[in-house]
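Here the structure is laid out as structure tokens; the discussion comes afterwards.
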Amino acid sequence: MSEHAVTAKQSLFTPFNVVAGLIVLMGAVLTVLRFTGGLGAVTNLSDDNPWGIWIGFDLLCGVALAAGGYTTSAACYIFGFKRFHSAVRPAILTAFLGYALVVFALHYDVGRPWRLPYPVFLSQGTSSILFEVGLCVFIYLSVLFVEYLPAFFEWQRMPKVRGFLVKLTMALTILGVVLSTLHQSSLGALFLIVPSKLHPLWYSPYLPVYFFISSMFAGLSMVIFEGSLSHRYLHHKMDQAYTSEHDGVMLGFAKAASLIMAGYLAVKLFGLSMDNRWSYLATGYGAWYLTEIIGFVALPCYLYAVAARDRNLGLVKRAAALTVIGIVVNRFNVSLVAFNWQLPPEARYFPSLGEIGISVFVVTVGVLAFRFIATRMPIFHAHPDYPESH
Amino acid sequence: MKRRRFLEMLGTAGLCLATPAAATSAGMGDVRPSPGAKGVLFDAVRCIGCRKCEAACNTVNELPAPKKPFDDLTVLETGRRTDAATYTVVNRYLPAEGAAPVYRKIQCNHCLEPACASACFVKALVKTPEGPVTYRADLCVGCRYCMVACSFNIPAYEYHSALTPRVMKCTMCAPRLAKGQLPGCVEACPKGALTFGRRTELLAQARERIKGSPGLYLDHVYGEREMGGTSWLTIAGVPFSQLGMREDLGTASAPELTAGALAGVPVVVGLWPVLLTGIYAISKRKEKQAEAEKRAAVAAAIAKASAEAEAKLSSELTKAEVANKRLIEIEVKKALESAGQDSAREES
């Protein structure tokens, strides 16, 4: 134990830790401001723009990018791609932390966060899409927590509890896919209620379908992206099985993402034709729409395909980064850029430094938690007691 | 024929089971108003922009005093919207150059099937049978989805309240209505631009006014069908778009817009587990089959190899036997020969 303490002390003031520490400090200051001065003290939110980046980024992007949990576990356990097994635990951990942070960030955004359990336990507004989102996120966060727990109990050497939880894998995976289908699509369905506020190029009765399909390749790309980052910084924690399977996972996911993105493009095209929105393409918003579709979906889709064919891992990583950015662009477009598009420029929303600060703080907390867990618990390596179960 | 009839019955039963679920999940049952529901008719032709309604609203709702007093009409020079301290505003519009200004009062329209109430995930906003859409601050979480959902941009939020922020909007003076009083604004209007009453009667009255002076009014009661209909109705002499009112809202109510997505929930919950378990079973079976085939192939290979080996062995054995026999025969022959020689020697 004393040895550990010494090494911990030595490595405490790394550049990473210093930057992370400063961000956490900033987050603490902003938290105080937020909960003493109200939302108005730190945000640029207004009566016309009730949702800002805490919804557009922290909630919409957070949930979409945490979709790697259900896609990876479904691929491995339901569709029988056993070669993706080593990717399941990091993906589940990323998803669990992602959802936990979404809920954490919501505590800043809603006016009275201590009432967040109300919709589930006190007064159920079942006619609301947001009720469905809330209920699903609440249950799914619990599911992800249970799915993550075996790693914790292996670390704590509690084989009985661990053994029981492992038996639930199949049921939890199916439950996870059901819940993810529901709330990933519902996040898009949130905007179905405002055809008058969302630009016609982004508004579509297919919004829930768009959000669900895009969550799949968002999740896959995030697993690739997160995997390449972990490879660089947590390589010493990875075992033979993880590193040997890693390239196969990347290429398999690249292929899958490319196929799903092609399907997404087809559905987008279908929606555009169904609603006959072609004329809008010639406008300024049309140019931005085409940038999103061609630059951030069609291009990474093609890059993924080429990378999978040539077994080019570098290209897979670049395509993944582009896809992740594309998801952020899409969610921002739906919730912020194309939302309230008819309002005069001075009534439009742009995030304040305080809002950006809290979002950066939330992401930093996530990275720190991921590092804390991945360096201690069997995430990238099998536990010596359970060599087969990784 | 019998089978077909059975299938038809099955289909009908399925529909019957599905419909009430879809209807309740869309919350239609909660928000349908009763026929006696009250409303207000606003007549933009009669409004003179005196802001008396704003002042009365401020008083009866005990809202904070504004920066500029209500008799200061210079505020009409800029367009305003409702906010956390203002449930209603009157704006001035200049429909054409040189034309007389037209005024419009803005407040909650109290939709028949309100977007805000259908969007509220704690039922803090409710359409009451009497007409008003009311708000319960003791339930509100502060997600502000009602503000996103409202096509009329009416609900406002107390962004500067740290611990008890509320959504703020006109209540049609529901507490006053309960006491038999008129809404504050209606009571204060000196020009009869606001009329309170049963919505059905207000619609009839609006049509009468339009019919009575066709030169003064356009033949449209705004709110009769917009967004599924509203309790607050507006008539005017200039196109509503020139009064800052959206004419592209359509007649679908908010619950209709989200009913499809909500109806998908039971489909996903019902179908996914079955399909996924099926896919799991298939992939498992394929895996097993592959394993069985592998095992069979291995067994066959072993069998073949051992059969070959046995055949070889037996042929070797027979060969060896033959060779042995021959050897024995030779030996016997040799022995016999030598014995014959021996006996011949003895005889000689």
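The chains referred to below are lettered A, B, ... by the order of the sequence lines, with proteins before strands, and numbering in each begins at 1.
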Nearest 0.5 Å please: distance from the [atom1] atom of [X] over to the [atom2] atom of [Y].
X	Y	atom1	atom2	value
N153(B)	D47(A)	CG	CG	9.0 Å
T258(B)	E132(A)	OG1	CD	10.0 Å
S128(A)	L262(B)	OG	CG	8.0 Å
R112(A)	S161(B)	CZ	OG	7.0 Å
I279(B)	F79(A)	CD1	CZ	4.0 Å
F131(A)	K123(B)	CZ	NZ	9.0 Å

Heavy-atom pairs under 4.5 Å with chain A, option from [options] with the top count:
options	value
A149(B), C146(B), A124(B), A254(B)	A149(B)
G264(B), S283(B), P273(B), G250(B)	S283(B)
T164(B), D83(B), V269(B)	T164(B)
L249(B), L139(B), L125(B)	L139(B)

For [X], is it the side chain, the backbone, both or neither that has a heavy atom under 4.5 Å from a heavy atom of chain A?
X	answer
T277(B)	both
A84(B)	backbone
C143(B)	both
D248(B)	side chain

Shortest non-hydrogen contact from [X] to [Y]?
X	Y	value
V141(B)	V110(A)	O-CB, 3.8 Å
P195(A)	L257(B)	CD-CD1, 3.6 Å
L163(B)	F35(A)	CD2-O, 4.2 Å
P50(A)	M147(B)	CG-CB, 3.5 Å
A119(B)	I193(A)	CB-CD1, 4.2 Å
A261(B)	L192(A)	CB-CD1, 3.8 Å

Donor-acceptor under 3.5 Å ([X] side chain, [Y] main chain):
X	Y	answer
Y145(B)	L190(A)	yes
K197(A)	C150(B)	yes
W272(B)	L175(A)	no
R144(B)	D109(A)	yes
Y159(B)	S46(A)	yes

Pick from [options] with the largest number of heavy-atom pairs that fall under 4.5 Å of chain B:
options	answer
S123(A), A189(A), G40(A)	S123(A)
D48(A), I55(A), T36(A)	D48(A)
W114(A), F81(A), F191(A)	W114(A)

Tell me, side chain or backbone of [X] under 4.5 Å from chain B's heavy atoms, or both, or neither?
X	answer
Q124(A)	backbone
F339(A)	side chain
L116(A)	both
S196(A)	both

Legend entry - Atom CD of E62(B) with >12 non-hydrogen neighbours under 6.0 angstrom: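 It does not: E62(B) CD has 12 such atoms or fewer within range.
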
Legend entry - Flag if over 12 foreign heavy atoms under 6.0 Å of CZ, R225(B):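 Counting other residues, nucleotides and ligands, CZ of R225(B) stays at 12 neighbours or fewer.
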
Inset, instruction - Find out whether L39(A) and Y157(B) are in side-chain contact, i.e. whether some heavy atom of one side chain is under 4.5 Å from a heavy atom of the other. - result: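 Yes, their side chains come closer than 4.5 Å.
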
